[in-house]
A.B. asks: 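A single structure is presented below for examination.
Just so it is clear, the model here is predicted, and its values are computed rather than measured.
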There are 2 protein chains.
Amino acid sequence: MTIGAMESSRTVDSGGGRRQATRQKLYEAAVTLIAEQGFSATTVDEIAERAGVAKGTVYYNFASKSVLFEELLRHGVGLLTASLREASERTAREGGSKVDALDAMIRAGLVFIDRYPAFTQLYVAELWRTNRAWQSTLMVVRQQAVAVVEDVLRDGIAAGELSDEIDIPLTAAALVGMVLVAALDWQAFQPERSLDDVHAALSRLLQGRVGGERAGRG
Amino acid sequence: MTIGAMESSRTVDSGGGRRQATRQKLYEAAVTLIAEQGFSATTVDEIAERAGVAKGTVYYNFASKSVLFEELLRHGVGLLTASLREASERTAREGGSKVDALDAMIRAGLVFIDRYPAFTQLYVAELWRTNRAWQSTLMVVRQQAVAVVEDVLRDGIAAGELSDEIDIPLTAAALVGMVLVAALDWQAFQPERSLDDVHAALSRLLQGRVGGERAGRG
DNA sequence: ACTTTTGCACTGACCAGTCAGTTCAAAAAC
DNA sequence: GTTTTTGAACTGACTGGTCAGTGCAAAAGT
């Protein structure tokens, strides 16, 4: 995990990048532990130990355990959103269709999950909880990611490439879920499969080539 | 939530009714609280209070907090599996195709999630965790549910109705994910939508009717 | 050159509170 | 008469958060 690459080393701290490096180590330790055990079951002592720093250092760098977690969330979803948007724009630049863009975003999603599996686990596990401190953070951050997919769907309809009867938010959610669950299952239960395999299976589903001869192409 | 209806199959006589009712109340209390807060953040005192029983009663009925939770999991997934299987068999009985069966299972899944949203939340939140006591329980139980979908896909291929190039386990996982995430999003962010709306959106995706007039791409 | 001071980053023992699980006598329900 | 539930007290382990103090590199003072 390299959840934390966007911090610049020049902003507030005058003592070089030492502090950023510590925060980075804490992110990495926290994301793994929380993905495995959940937020409440993970102790600050564990995080500190895994990061190789003292417990006090955690509180020197973050106001609380929850704040550490929230910053982790914002950071990770930021990376995902950027990756999805990049895939969509690259496709457009290369003259691909909107379906091609969706396909490229599926792949980008898979690459992300393959690279940051722990973060993905943690995100899914917390997303639909209620009554938690970081619920609002999570909703904002979710909407950013889903919006990228929704935009492509909207453009596809506007261009007449997609049926204007599709339900944008529901379809976007379903697509995200398809990728999310398939990828997590891949990681957890069939890690030997290649990314291309998984991509091919999802691509087929997206493009309605599940039915035999009669449904898809002619 | 009525996550405990199947217990009543036996032990109807011999003084078991009262105890079952207590266990039922504890299931209902636990599923809600754990869905909201997570397993570790939920205390036994809370569960007892919500169920309207004394703490001692919890330990009279279940060996431990974990055991209560595991039985809850087994129970809930049992209900889901039965529901999916029933949908599949009903479709077959009525002479529907395998795609019809998948469609019926999507609806059954939505109905289940609509009825037991808390259980679904909890299940998703725990499914991909590692290093937890009930991991093996969870894997067994997951496979039971996914297997129902896989069976239908397999039959569909054998009957020549579905392309023999689809990847059964991956496609099954993707379909489950599609329903799961779309439904949870529906509940959490667009609760005003009807079940039929959601079903229609997913149905369209399943049957490749996303692209405009021309199905698939050229 | 060398000493002294400053303050950031970090440390880890400590504290006050919390929680799962136990115990058990007595009451209630069957 | 037996099963089930109650409810409060208790234990012992664990946890989030605190804080006085350490180390050290650069700046200031001599």
A.B. asks: Check ring-ring contact (aromatic ring centres under 6.0 Å, His included) between B:Phe62 and all other residues, then give those that pass, not counting sequence neighbours.
C.D. replies: B:Tyr27
A.B. asks: Which protein N or O atoms sit under 3.5 Å from an N or O of nucleotides 6-13 of chain D?
C.D. replies:
unit_1 : atom_1 : unit_2  : atom_2 : d
D:dT6  : OP2    : B:Ala54 : N      : 3.1
D:dT6  : OP2    : B:Thr57 : OG1    : 2.4

A.B. asks: Calculate the interatomic distance between A:Gln24 atom CD and C:dA9 atom P; express it in whole Å.
C.D. replies: 17 Å
A.B. asks: For B:Asp100, which residues count as a salt bridge (Lys or Arg N to Asp or Glu O under 4.0 Å) partner, sequence neighbours excluded?
C.D. replies: none
A.B. asks: For DNA chain C, what residues of residues 63-70 of chain A have any heavy atom nearer than 4.0 Å?
C.D. replies: none
A.B. asks: Reckon A:Asn61 has a side-chain N or O less than 4.0 Å from the OP1 or OP2 of C:dC10?
C.D. replies: yes
A.B. asks: Can you measure B:Phe62 atom CZ to C:dT22 atom P for me and round it to whole angstrom units?
C.D. replies: 15 Å
A.B. asks: Could you please spell out the steps behind the side chain to side chain donor-acceptor pair (under 3.5 Å) verdict for B:Glu28 and B:Gln24?
C.D. replies: CA-CA 6 Å; B:Glu28 288 171 20; B:Gln24 177 64 32; 2.6 Å; yes
A.B. asks: Round to the nearest Å and state the distance from A:Gln20 atom CD to C:dC10 atom C1'.
C.D. replies: 15 Å
A.B. asks: When you check the side-chain N and O atoms of B:Glu70 and B:Thr137, is any donor under 3.5 Å from an acceptor?
C.D. replies: yes
A.B. asks: Take atom CG of A:Asp45 and atom C1' of D:dT18, then tell me their distance rounded to the nearest Å.
C.D. replies: 13 Å
A.B. asks: Does anything in residues 41-51 of chain A form a salt bridge (charged side-chain N to carboxylate O under 4.0 Å, His left out)? List the pairs, not counting sequence neighbours.
C.D. replies: A:Asp45-A:Lys55
A.B. asks: Between B:Tyr59 (OH) and C:dA20 (P), how many Å, whole number?
C.D. replies: 6 Å
A.B. asks: Please output the side-chain donor-acceptor pairs of residues 189-199 of chain A that fall under 3.5 Å, not counting sequence neighbours, one pair per line with the distance.
C.D. replies:
unit_1   : atom_1 : unit_2   : atom_2 : d
A:Gln190 : OE1    : A:Arg193 : NH1    : 3.2
A:Arg193 : NE     : A:Asp197 : OD2    : 3.0
A:Arg193 : NH1    : B:Asp167 : OD2    : 3.0
A:Arg193 : NH2    : A:Asp197 : OD2    : 3.2
A:Arg193 : NH2    : B:Asp167 : OD2    : 2.2
A:Ser194 : OG     : A:Asp196 : N      : 3.4
A:Ser194 : OG     : A:Asp197 : N      : 3.1
A:Asp196 : OD1    : A:Arg107 : NH2    : 2.2
A:His199 : ND1    : A:Arg107 : NE     : 3.1
A:His199 : ND1    : A:Arg107 : NH2    : 3.3
A:His199 : NE2    : A:Asp103 : O      : 3.4
A:His199 : NE2    : A:Asp103 : OD2    : 3.3

A.B. asks: Has A:Thr171 got a side-chain atom pairing as donor or acceptor with A:Ile166's backbone, closer than 3.5 angstrom?
C.D. replies: no
A.B. asks: Pick base, sugar-phosphate or nothing for B:Ser40, based on heavy-atom distances below 4.0 Å to the nucleic acid.
C.D. replies: nothing
A.B. asks: Is the A:Trp134 ring parallel, tilted or perpendicular to the A:Phe69 ring (thresholds 30°, 60°)?
C.D. replies: perpendicular
